[in-house]
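To start, the structure under review is shown below, and the notes come after it.
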Amino acid sequence: MAWTSPKTWSSEPLTSSDLNTYVRDNQDHLKDRLDNSANVIVTGNTTLSTRSETFVDIESDKFSVSLLTHGGDVLVGFTGTVKSTAIARPVHFNLAVDGSLYFADDGITQSVIGADGFRNQSVPLCLVVLITDLDAGAHTFKLRWKTHRSNTASMEISSLHPQFWAKEM
């Protein structure tokens, strides 16, 4: 259902057609947007990992959500834990929207896991990104990561279950 710009009323009579168009249909449009979301809770019996120095999908079948939008803004989020095998080596995260990186350079966030001298410990990570001005239509959002060449970044999903989601605003 599409939004109809509100009518500027004058002295003409109010009709049921006007009420349906400018009140009911516009409220339905706003409600449809509020209800529009997609999410995955990632499970499996493995540990996901990367040694890539360029952004790669984090298991594209697991950290991918698709959403048919009305056009406008979408909020995308992730919660999970990450490990690093090397001390003080960064793990970078980025988001791909319809196959293209949303942020250039080093992405949304960087976590220097193990900076305190400990490695192979799960560190919580949460990120939320506002994607603005998307056209109406189908969109796919994928979480991507990269790390330093001397590091292996990993995410355990068998007993800890990351969540990846998108919500139209």
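In this chain, numbering begins with 1 at the start of the sequence shown. The structure displayed is predicted, hence computed values, not measured ones.
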*With side chains defined as the heavy atoms from C-beta onward, is the minimum distance between F78 and P162 less than 4.5 Å?*
yes

*For residues 97-107, which residue pairs qualify under salt bridge (Lys or Arg N to Asp or Glu O under 4.0 Å), counting only residues two or more places apart or in two chains?*
D106-K146

*Restricting to pairs with a member in residues 55-68, which pass salt bridge (Lys or Arg N to Asp or Glu O under 4.0 Å), not counting sequence neighbours?*
D57-K142, D57-R144

*List the atom of N94, the atom of G107, and the distance in Å for their closest heavy-atom pair.*
ND2-CA, 3.4 Å

_Taking side chain to side chain donor-acceptor pair (under 3.5 Å) as the definition, give me every residue that meets it alongside N151, ordered by chain and number, with sequence neighbours left out._
S84, T85, T147

*asked:* Side chains of T140 and S66 only: does a donor on one sit below 3.5 Å from an acceptor on the other?
replied: yes

*asked:* Within the 4.5 Å heavy-atom criterion, are V128 and W165 side-chain neighbours or not?
replied: yes

_Shortest non-hydrogen separation from L68 to E168 and the atoms involved_ = O-OE1, 4.3 Å

*Return each pair, listed once, that meets ring pair (Phe, Tyr, Trp, His ring centres under 6.0 Å) where at least one residue sits in residues 39-61; pairs must be two or more places apart or across chains.*
none

*Does the side chain of I58 come within less than 4.5 Å of T50's, by heavy atoms?*
no

_In this structure, would I131 and F103 fall into the same cluster of hydrophobic residues linked by side-chain contacts under 4.5 Å?_
yes

*Are any of the side-chain heavy atoms of I108 and L95 separated by less than 4.5 Å?*
yes

_Are L127 and V82 linked, directly or through intermediate hydrophobic residues, by side-chain heavy-atom contacts shorter than 4.5 Å (ILVMFWY only)?_
yes

*Could you check if a side-chain atom of T43 sits within less than 4.5 angstrom of a side-chain atom of I157, using non-hydrogen atoms only?*
no

_Residues which pass side chain to side chain donor-acceptor pair (under 3.5 Å) with S150, listed by chain and number, not counting sequence neighbours_ = R89, H148

*Might you work through the side chain to side chain contact (heavy atoms under 4.5 Å, CB included) test for V97 and L134, ending with a clear yes or no?*
CA-CA 10 Å; V97 180; L134 280 176; 4.0 Å; yes

_Please report the interatomic distance CG(L125) to CE(M155), rounded to the nearest 0.5 Å._
7.5 Å

*Can you check whether D133's main-chain N or O pairs, donor with acceptor, with D73's side chain at less than 3.5 Å?*
yes

_Testing the basics here: between L130 and Y102, what is the closest heavy-atom pair and its distance to 0.1 Å?_
O-OH, 3.8 Å

*Quick one: closest heavy-atom pair of D135 and T69, and the distance?*
O-OG1, 3.3 Å

*Using a distance-only test with no angle check, is there a side-chain donor-acceptor pair under 3.5 angstrom linking E156 and S154?*
no

*Any side-chain heavy atom of L67 within less than 4.5 Å of one from V74?*
yes

*Of all residues at least two apart in sequence or in a different chain, which pass the ring-ring contact (aromatic ring centres under 6.0 Å, His included) check with F164?*
none

*Can you get from L101 to F141 by hopping between Ile, Leu, Val, Met, Phe, Trp and Tyr side chains that sit under 4.5 Å apart?*
no

*Does Q163 use its side chain to pair, donor to acceptor, with the backbone of V42 at less than 3.5 Å?*
no

*List the atom of T81, the atom of P124, and the distance in Å for their closest heavy-atom pair.*
CG2-CA, 4.0 Å

